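The next block holds one structure in the form of structure tokens; read it before the comments.
Residue numbers run from 1 in the order of the sequence given. Ligands are counted one by one from 1 in listed order, and the atoms in each one are counted from 1 as well. Please read these numbers as outputs of a predicted model, since none were measured by experiment.
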Amino acid sequence: MWLHLAVLVGLFYLLRWYRERQVLSHLRDKFVFITGCDSGFGNLLARQLDLRGLRVLAACLTEQGAEQLRNQTSGRLQTVILDVTKTESIAAATEWVKERVGDRGLWGLVNNAGICTPMAPNQWLTKQDFVKILEVNLLGMIDVTLSLLPLVRKARGRVVNVSSVMGRLALFGGGYSISKYGVEAFSDSLRRELCYFGVKVAMIEPGYFLTNMTQDEVFNGSVQASWDHASPEIQELYGDNFLADLMKGKDFLKVPWAGNLSLVTDCMEHALTACHPRSRYSAGWDAKLLYLPMSYLPSFLVDLMMYWCSPLPAKAL
Ligand SMILES: NC(=O)c1ccc[n+]([C@@H]2O[C@H](COP(=O)([O-])OP(=O)(O)OC[C@H]3O[C@@H](n4cnc5c(N)ncnc54)[C@H](OP(=O)(O)O)[C@@H]3O)[C@@H](O)[C@H]2O)c1
């Protein structure tokens, strides 16, 4: 019985491996638009796809980021300035893309731009702190997608949305997890809606990786700023030690493969170039072996684990 099961599982993985390694042809004719290419995953993906011969349309937040990227890539890669929180900026970028892709349409749209701060216990934050993240990570993504979708439909192409394992499991306060849960919901409904038009939608769910957004200074600076703005009542409830422990606690997330960003960009590349892309890609062993399994556990078990691992507020009962 166990042997039969092992053979069946083995066959399933073999078939999946064979199916997934089939790659599309004519990659050099395909246009891919990527948001958030100044740094991190977006920047690496732009360079990786450029090397692979695709026609990369890289959207950067700053002219400095765009110039640096152009200096590192072939003349085929083109850049545009895009702030995903501004509808006028999205409309201008859409016109720019339209001029370039013409009747071929846009093969790939990679919604990668994102921020992760302010991140702190919810009680320390204001509504505006949540809005700030949601505007970039969720509403910005939706705005860009709706604007470019006619071009993607024309090419019967792909939409690749960068979510996070924190879109499957909410372990800390602030708008980040909320925004990524929203990305998951948006992507699921979009995938089901667009299958009738030959468009495929994939989500990338990375674990922890070392990029600009996860730098210690960014996290600690943001936590400190939220603490400074918290009311005296909240500061008394939590105490100074909690703040220090929270900043130190982040080291727990650091994993040996965190510098290998290609674990993430390889998933993005597969979603864009494979004949049979997956709907979800988890990137990083922490995502595969810790966070995703945790997301299937009963809530009371995850609550207990978090209770044991998290710093204790000064006035905890
Ligand atoms: N790093 C991780 O551990 C991790 C894990 C899971 C998911 N993710 C997701 O991966 C994606 C990429 O993040 P990353 O880790 O590569 O961090 P990153 O290096 O900070 O990249 C984020 C990019 O988004 C850009 N951006 C920020 N606000 C923008 C706006 N309003 N409009 C357009 N672009 C904007 C940034 O531009 P500037 O550099 O000019 O600010 C930067 O190029 C994000 O969606 C993030 O949530 C990251």
Side-chain angles (χ1 to χ4, degrees), residues 33-48 58-69 79-90 92-93 110-119 131-145 147 160-172 174-184 186-187 203-219 222 250 252-255 257-265 267-268 280-288 290-292:
F33 181 80
I34 311 166
T35 66
C37 290
D38 308 61
S39 58
F41 303 142
N43 185 280
L44 180 60
L45 181 70
R47 290 183 279 128
Q48 192 168 318
C60 296
L61 183 60
T62 64
E63 184 47 53
Q64 192 195 4
E67 196 184 330
Q68 271 173 11
L69 182 60
T79 59
V80 66
I81 302 301
L82 171 68
D83 181 341
V84 300
T85 64
K86 299 203 164 76
T87 298
E88 326 77 76
S89 176
I90 295 173
V110 182
N111 282 305
N112 163 77
I115 57 172
C116 73
T117 54
M119 189 184 283
V131 169
K132 188 181 165 205
I133 296 192
L134 289 169
E135 286 208 311
V136 181
N137 294 6
L138 182 58
L139 298 175
M141 172 182 288
I142 294 174
D143 209 359
V144 171
T145 307
S147 187
V160 179
N161 289 338
V162 183
S163 176
S164 164
V165 276
M166 291 305 135
R168 305 283 291 273
L169 185 68
L171 296 182
F172 40 77
Y176 188 73
S177 266
I178 300 173
S179 71
K180 296 300 184 181
Y181 269 71
V183 169
E184 297 271 329
F186 174 60
S187 309
M203 267 170 273
I204 313 290
E205 299 171 336
Y208 177 87
F209 286 89
L210 273 176
T211 60
N212 280 0
M213 75 160 57
T214 53
Q215 307 252 342
D216 283 345
E217 310 85 76
V218 175
F219 176 77
S222 163
K250 184 177 171 287
F252 166 76
L253 297 171
K254 291 179 181 162
V255 284
W257 55 86
N260 185 5
L261 304 194
S262 57
L263 290 175
V264 177
T265 53
C267 295
M268 296 163 154
R280 284 189 160 76
Y281 294 81
S282 57
W285 292 111
D286 53 345
K288 290 181 202 297
L290 177 65
Y291 300 119
L292 284 180

Could an N or O of ligand 1 be found under 3.5 Å from any N or O of [X], whether backbone or side chain?
X      : value
Tyr176 : yes
Tyr208 : no
Lys180 : yes
Thr211 : yes
Val136 : no
Asn112 : yes
Ser39  : yes
Pro206 : no
Phe41  : yes
Phe209 : yes

Under 3.5 Å, which donor-acceptor pairs do the side chains of residues 60-68 form with other protein atoms, sequence neighbours left out?
from, atom 1, to, atom 2, distance (Å)
Thr62, OG1, Asp38, OD2, 2.9
Thr62, OG1, Gly65, N, 3.0
Glu63, OE2, Arg70, NH2, 3.2

Between Ile90, Leu82, Asp38, flag the one that comes closest to atom 36 (C) of ligand 1 by a heavy atom.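 The option holding the nearest heavy atom is Asp38.
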Going by the atom numbers of ligand 1, which of them fall below 4.0 Å from some non-hydrogen atom of [X]?
X      : answer
Ala113 : 24 (O), 33 (C), 34 (N), 35 (C), 45 (O)
Ser164 : 6 (C), 7 (C)
Met213 : 13 (O), 15 (O), 17 (O), 20 (O), 44 (C), 46 (C), 47 (O)
Asn212 : 19 (O), 20 (O)
Gly40  : 16 (O), 19 (O)
Val162 : 9 (C), 10 (O), 11 (C)

Starting from [atom], which protein heavy atom do you reach first, and at what distance in Å?
atom                    : answer
atom 32 (N) of ligand 1 : Val84 N, 2.9 Å
atom 22 (C) of ligand 1 : Gly114 O, 3.5 Å
atom 23 (C) of ligand 1 : Gly36 O, 3.7 Å
atom 31 (N) of ligand 1 : Asp83 OD1, 2.9 Å
atom 41 (O) of ligand 1 : Leu61 CD2, 4.0 Å

Tell me, please: is [X] in heavy-atom contact with ligand 1, that is, under 4.0 Å?
X      : value
Thr35  : no
Ala59  : no
Gly207 : yes

Under the criterion side chain to side chain contact (heavy atoms under 4.5 Å, CB included), which of Thr211, Asn212, Thr117, Ile115 is the partner of Val218?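 Only one option passes, and that is Thr117.
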Heavy-atom contacts under 4.0 Å between Ala258 and ligand 1: side chain, backbone, both, or neither?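 The answer is neither; Ala258 stays 4.0 Å or more away.
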Check the pair Arg47, Leu69 against side-chain contact (heavy atoms from CB on, under 4.5 Å), reporting the backbone distance first and the verdict last. CA-CA 8 Å; Arg47 290 183 279 128; Leu69 182 60; 3.8 Å; yes
Run the numbers on Tyr291 and Arg168 for side-chain contact (heavy atoms from CB on, under 4.5 Å), then give the verdict. CA-CA 8 Å; Tyr291 300 119; Arg168 305 283 291 273; over 6 Å; no
Do Leu263 and Trp257 have side-chain heavy atoms sitting under 4.5 Å apart?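 Yes. Closest side-chain heavy atoms under 4.5 Å.
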Side chains of Ser164 and Tyr176: does their closest heavy-atom pair fall under 4.5 Å?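 Yes; the side chains approach each other to less than 4.5 Å.
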When you look at Leu138 and Val183, which way does the side-chain contact (heavy atoms from CB on, under 4.5 Å) test go after all the steps? CA-CA 6 Å; Leu138 182 58; Val183 169; 4.2 Å; yes
With respect to Ser163, which candidate in Glu184, Glu205, Arg280 satisfies the side chain to side chain donor-acceptor pair (under 3.5 Å) definition?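 Looking at Glu184, Glu205, Arg280, the match for Ser163 under the side chain to side chain donor-acceptor pair (under 3.5 Å) is Glu184.
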Would one find more than 12 heavy atoms of other residues, nucleotides or ligands at under 6.0 Å from atom NZ of Lys86?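 12 or below, so no.
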Go through it in stages, so that I can follow the logic: the residues are Ser187 and Asn161, the test is side chain to side chain donor-acceptor pair (under 3.5 Å), and I'd like the CA-CA distance, side-chain angles, deciding distance and then a yes or no. CA-CA 7 Å; Ser187 309; Asn161 289 338; 3.0 Å; yes
Looking only at atom types and distance, does a side-chain atom of Thr214 sit under 3.5 Å from a main-chain N or O of Phe209, one as donor and one as acceptor?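 Yes, the answer is positive, given that a donor and an acceptor are paired below the 3.5 Å cut-off.
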